[in-house]
2 protein chains.
Amino acid sequence: MSNSKLYKGSLSTIILQLLFKEDKMYGYEITQRVKELTKGELNITEGALYPALHKLEAEGLLEVEMKKVDNRLRKYYKLTQKGTTESVSKLEELERFMQTMNGLIDPKPSLG
Amino acid sequence: MSNSKLYKGSLSTIILQLLFKEDKMYGYEITQRVKELTKGELNITEGALYPALHKLEAEGLLEVEMKKVDNRLRKYYKLTQKGTTESVSKLEELERFMQTMNGLIDPKPSLG
DNA sequence: AATTAATACCTAAGATTTTTATGCATAAGG
DNA sequence: CCTTATGCATAAAAATCTTAGGTATTAATT
């Protein structure tokens, strides 16, 4: 609902970035955290999130730890070493991308 | 080549934004302009561009004017009234998205 | 003169990512 | 008891992009 099409392609970056700061989170928590941090602007659907988490895990960027809380099972994800590295480079890529987009929508004349 | 996955979903925004400033452009020109404006960071493939242009035209956001230059045919695209409106709202959406992403990667504590 | 690169359009198969629509199960609230 | 919230998951469909072709003219290189 009301999800910007622009968000496409940025899901794994968001996941890695959250885990970089939070150390460990479970899926449902991620959807709620994103909703809260973006004031409802971004709503990650579970149909997108879980496959994305599984893929990141398969790539060796995340590792899993199961935990039972209130008799309900949670799958906590945290970055591996490789995931930490990737998280940093994805952040740089995001910043580069945003600069690039800014350059497109608001071209600065070359200095000099 | 070397295209950020983040760019997915932003192609139509880019097209509309270029046409907003340029008044009229043809397809090949758009690929070159983007490459130039982004210093090679973004390379729009023709396989992505042409279907996107056709879709925007079908949606009534662009209109076409054929022109023969050097015995080669060019399809010039320009914004319709509706396309101009959409261009503005897409730009706002992009700016909102970038703020949102900034809020995600660098959460500011609430003031007060 | 012949070949390659650049200009200029196009489409179709495949890959990737996301939405939509489900399903299951436990806990809490009305 | 029934609905909402929590918590996981998958599968069909839609959307978007890459890759890999195709056609044709003009300019540059060999």
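The chains referred to below are lettered A, B, ... by the order of the sequence lines, with proteins before strands, and numbering in each begins at 1.
Side-chain N/O atoms of A/Y50 include one lying less than 4.0 angstrom from OP1 or OP2 on D/dC8. Here A/R72 does not reach the OP1 or OP2 of D/dT6: none of its side-chain N or O atoms lies under 4.0 Å away. At the phosphate of D/dA15, neither OP1 nor OP2 sits under 4.0 Å from any side-chain N or O atom of A/K8. Note on A/K75: a side-chain N or O is less than 4.0 Å away from OP1 or OP2 of D/dA9. Between B/Y28 and C/dC9 there is no side-chain polar atom (N or O) within less than 4.0 angstrom of OP1 or OP2. The side chain of A/T45 places no N or O atom within less than 4.0 Å of a non-bridging phosphate oxygen (OP1 or OP2) of C/dT18. Contact annotation: A/K55 reaches the phosphate of C/dT17 (side-chain N/O to OP1 or OP2, under 4.0 Å). OP1 or OP2 of D/dT10 sits under 4.0 Å from a side-chain N or O of A/H54.
When the nucleotides C/dT19, C/dC9, D/dT26 are ranked by their closest atom to the side chain of B/N71, D/dT26 comes out on top.
Under 4.0 Å is where a charged nitrogen must lie from a carboxylate oxygen, and between B/K55 and B/E59 at least one such pair does. The pair B/R74-B/E29 does not meet the salt-bridge criterion, since no charged nitrogen lies less than 4.0 angstrom from a carboxylate oxygen.
Both A/D70 and A/I44 sit near DNA chain C, but only A/I44 has its closest nucleotide nearer the 5' end.
The interatomic distance linking B/I30 (CD1) with C/dA8 (C1') rounds to 13 Å, in whole Å. In this structure, the CE atom of B/M25 is 12 Å from the P atom of C/dA8, given to the nearest Å. In this structure, the CG atom of A/L53 is 15 Å from the P atom of D/dG7, given to the nearest Å. Put simply, CG on A/L11 is 5 Å from P on C/dT18, counting in whole angstrom units. As a whole-Å value, the separation of A/E59 CD from C/dT17 C1' is 13 Å. Rounded to an integer number of Å, the gap from A/Y26 OH to C/dT26 C1' is 14 Å. Between the CZ atom of B/R74 and the P atom of C/dC9 there is a distance of 8 Å, given to the nearest Å. If you take CG of B/L6 and P of C/dT18, they are 10 Å apart, rounded to a whole angstrom.
Using a 4.0 Å heavy-atom distance criterion, A/G27 is classed as a sugar-phosphate-only contact. Within the 4.0 angstrom heavy-atom criterion, no nucleotide atom of any strand lies near B/E29.
Around atom CD of A/Q81, no more than 12 heavy atoms belonging to other residues, nucleotides or ligands sit under 6.0 Å away.
Judged by distance alone, with hydrogens and angles left aside, the side-chain atoms of B/S87 form a donor-acceptor pair with the main-chain N or O of B/L16 at under 3.5 Å.
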